[in-house]
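Heavy atoms only: backbone and side chains are in, while hydrogens, waters and symmetry mates are out. Each residue takes its place number in the sequence, starting with 1. Keep in mind the model is a prediction, meaning the values are calculated, not measured.
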Amino acid sequence: MSSPGSMIPSATRPVSPELSAILRSLQPGQRIRITQTIRVGMKEWTTTVIGSFRGMNYLATGLATDRVPEDDIVVVCVHFTKDNGELSSVTLDEHSKIEPV
């Protein structure tokens, strides 16, 4: 079991200890494969992308109305460069998987 200090926080849902460990070990320029499953209703789609890790930070989103800060959603965002040179970013959820390539 990992200690709370080793987990990457997220206001929506905690990032799994396994994913936290991988994210903490990644170095800029390292090749990664990101796999995400998107579910809409009863349908699921899986998508995979490969690229070079650039960094990780947090994306804070909020509602369009003026509300209390506790209503903001903070998610982990991974930045990478695709093989075609495109700079890209994805936010992570409980269905996200990152693997060093």
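At a cut-off of 3.5 Å, with distance as the only test, no side-chain donor of Gln36 or Thr47 sits close to an acceptor on the other residue.
Applying the under-4.5 Å side-chain rule to Ile, Leu, Val, Met, Phe, Trp and Tyr, the cluster around Val101 extends to Ile50.
Put simply, CG on Asn57 and NE2 on His79 are 3.5 Å apart, with the number rounded to the nearest 0.5 Å. Between the NZ atom of Lys82 and the CD1 atom of Ile34 there is a distance of 9.5 Å, given to the nearest 0.5 Å. Interatomic distance, Ile98 CD1 to Met56 CE, rounded to the nearest 0.5 Å: 9.5 Å. Atom CZ of Arg31 is separated from atom CZ of Phe80 by 11.0 Å, given to the nearest 0.5 angstrom.
Of the possible donor and acceptor atoms, none in the side chain of Arg33 sits under 3.5 Å from a partner among the backbone N and O of Lys97.
Side-chain contact check for Thr35 versus Thr46: some heavy-atom pair is nearer than 4.5 Å. Looking at heavy atoms from C-beta onward, Arg54 lies in side-chain contact with Thr81 at the 4.5 angstrom threshold. Taking the side chain as every heavy atom from C-beta outward, Val76 and Tyr58 approach each other to under 4.5 Å. Looking at heavy atoms from C-beta onward, Val78 lies out of side-chain contact with Leu26 at the 4.5 angstrom threshold.
Taking all atoms of both residues into account, the shortest heavy-atom contact from Ser25 to Gln30 is O-OE1, 3.9 Å. Taking every heavy atom of both residues into account, Ser96 and Thr91 meet most closely at OG-O, 4.2 Å. Residues Trp45 and Lys43 come closest through the heavy atom pair CH2-CB, 3.6 Å.
Exactly one residue among Leu59, Val15, Leu23 makes a side-chain contact (heavy atoms from CB on, under 4.5 Å) with Leu92. That residue is Leu23.
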